[in-house]
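In what follows, residues are counted from 1 in the order of the sequence shown. Start at 1 and go down the list; that is how both ligands and their atoms are numbered. A quick note: this is a predicted structure, and the numbers were derived from the prediction, not measured.
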Amino acid sequence: MAGNLRGRHFLKLLDFTSAEINDLLTLSATLKNNKRAGVRGHTLDGKSIALIFEKPSTRTRCAFTVACIDEGAHPEYLGKGDIQLGKKETVADTARVLGRMFDGIEFRGFSHETVEILAEYAGVPVWNGLTDEWHPTQILADLLTVQEEFGRLNGLALAYVGDGRNNMANSLMVGCAKVGMDVRIVAPESLHPDQGLVAQVEEIAAATGGSVTVTASVEEGVAGAHAIYADVWASMGEEDQIASRIELLKPYKVTQKMMEQTGRNDAIFLHCLPAFHNHETVLAKQYPDICEVEDEVFEGPQARAFDEAENRLHTIKAVMVATLGN
Ligand code: CP
Ligand code: NVA
C-alpha cells in the first residue's frame with residue numbers, strides 16, 4: 001500500500017491521493033479473487049460494524065453487510081427511525097455512543113455534514129455510503145469495472161450523461177481525475193457542476209495527466225469515450241422535481257445511437273443503479289417518460305451495470321479492510 005490507511009475515514013475521494021485510490025483498487029481485485037477462490041478472510045474478526053441508513057439502499061447495504069460477514073465482522077443495520085440520530089439527540093452525541101460500542105460506522109443519508117460530524121466524534125473509522133454531495137464507494141466499484149474491461153484507467157475517457165450536479169457527477173469527476181482519466185460531464189447548463197469543484201478537479205487532472213470537460217453537447221461529450229455513465233434524473237430526496245427533470249434531461253437519455261456516437265465498438269455502458277430503463281417499476285408507471293437509458297443499451301452487450309454492482313462488494317470490503325482490518 002502507498003500509505004497506511006488504518007484508522008482513516010472514507011468520506012470523499014478528495015481526501016485520498018491517486019496512489020491510495022489505486023491501492024484500494026488493487027486490494028479490491030485481490031479480495032475479489034479470494035472470494036471467487038473460496039478463501040475466507042479474517043481481517044475483521046470479532047469487530048462490530050454499525051450501518052446507518054437515512055435513505056434506502058439495495059447495493060450499498062448488502063455490500064457492507066456481506067463484506068462484514070465475509071471478513072468475520074458483525075454488521076448491525078440501524079435504519080431511519082431506529083435510532084435517535086439528530087432527532088432527540090445530536091449527531092455528535094450519537095457518534096460518541098456508537099463509537100464506544102462499534103469498531104466502524106457506515107452512514108448513508110442526506111446532509112454530508114452529518115457524516116463529517118460522525119467522523120469527528122466517533123473515534124472509529126466512518127465510511128460514507130452516500131450523501132447528497134458524494135458517493136465515494138460507488139466510484140471505486142466503477143473504476144474497478146473499467147479497469148477490468150480495459151486493463152488500465154490512465155488515459156481512458158468516461159462521459160457521465162445526465163444530472164451534472166449530483167453526488168455521482170461530483171464523485172466521478174474527482175475519482176476519474178485522480179486516476180488520470182479524461183472525464184466529461186454532459187448535462188444541460190442548468191445542471192452543470194459547481195464551478196469551484198470543477199476548478200479543483202482541473203488542478204487534480206493537471207497533476208495526473210487527466211482532464212475534465214463540462215459540456216451541454218452530447219456529440220462533443222461522448223466522442224471517443226470508452227465508457228458512457230448514467231444515473232437517475234432525480235436523486236433520492238428530489239422526488240418533487242421528477243417532472244421538471246424529465247423535460248430537462250430527455251435529450252440526454254442514453255440510446256444505442258449515443259453509444260455509437262462514441263465512435264468506439266468497445267465502449268461500455270455503466271450505471272450505479274437503480275435504473276429506469278423500462279416501465280415496470282412503480283415510479284416508472286407513474287412517470288412514463290422517466291428513462292435515463294433505453295432497454296436496448298441497458299440489456300445490450302455493452303452494458304456492465306451488474307458487474308459494477310458486484311464490484312460494490314469487493315471495493316467496500318477493501319475500504320473496511322484497509323481502514324480497520326488486522
Ligand atoms: N448504487 C447504489 O448506491 O445503490 P443502492 O442505492 O441500492 O445502495
Ligand atoms: N444520485 C443517486 C445515486 C443512487 C445510487 C441518488 O442519490 O439517488
Pairwise distance CE(Met173) to CD(Glu202) - rounded to 0.5 angstrom
9.5 Å

Are any of the N or O atoms of [X] closer than 3.5 Å to those of ligand 1?
X: Pro274; answer: no
X: Arg59; answer: yes
X: Met236; answer: no

Compute the ring centroids of Phe298 and Phe306, then answer whether they are less than 6.0 Å apart.
yes

What protein heavy atom sits nearest [atom], and how far away is it?
atom: atom 1 (N) of ligand 2; answer: Asp231 OD2, 2.6 Å
atom: atom 6 (O) of ligand 1; answer: Arg108 NH1, 2.8 Å
atom: atom 2 (C) of ligand 1; answer: Arg312 NH1, 3.2 Å
atom: atom 8 (O) of ligand 2; answer: Met236 N, 2.8 Å

Numbered atoms and elements of ligand 1 in range of [X], under 4.0 angstrom, heavy atoms:
X: Gln138; answer: 1 (N), 2 (C), 3 (O)
X: His135; answer: 2 (C), 3 (O)
X: Thr58; answer: 5 (P), 7 (O), 8 (O)

Salt bridge or not between Lys55 and Glu238? Use side-chain N to carboxylate O under 4.0 Å.
no

So, 4.0 Å and heavy atoms of Leu130: is ligand 1 close enough to count as a contact?
no

Below 4.0 Å from ligand 1: does a non-hydrogen atom of Lys55 turn up there or not?
no

Where's the contact between Asn167 and ligand 2, heavy-atom distance under 4.0 Å: side chain, backbone, both or neither?
side chain

I'd like to know if the side chain of Arg108 and the backbone of Pro56 have a donor-acceptor N/O pair within less than 3.5 Å.
yes

Any side-chain to backbone donor/acceptor pair from Arg6 onto Leu324? Under 3.5 Å, distance only.
yes

Are Asn166 and Tyr160 close enough, and set up right, to give a side chain to side chain contact (heavy atoms under 4.5 Å, CB included), and what steps lead you there?
CA-CA 11 Å; Asn166 73 5; Tyr160 169 90; 3.3 Å; yes

Is ligand 2 less than 4.0 angstrom away from at least one heavy atom of Leu273?
yes

Would you check, one step at a time, whether the test ring pair (Phe, Tyr, Trp, His ring centres under 6.0 Å) holds for Tyr229 with His271?
CA-CA 6 Å; Tyr229 199 116; His271 195 305; 7.1 Å; no

Only heavy atoms count here, so choose which of Leu130, Asp132, Asn170, Asn166 is nearest to atom 4 (C) of ligand 2.
Leu130

Who gets closest to atom 6 (C) of ligand 2 by heavy atom: Ser57, Gly129, Ser235, Ser171?
Ser235

Both conditions, 6.0 Å and 45 degrees, for the charged tip of Arg8 above the ring of Phe16: are they met here?
yes

Cation-pi, Phe269 ring and Arg304 (6.0 angstrom, 45 degrees)
no

Step-by-step salt bridge (Lys or Arg N to Asp or Glu O under 4.0 Å) determination, Asp45 to Arg40:
CA-CA 11 Å; Asp45 269 352; Arg40 284 202 73 87; over 6 Å; no

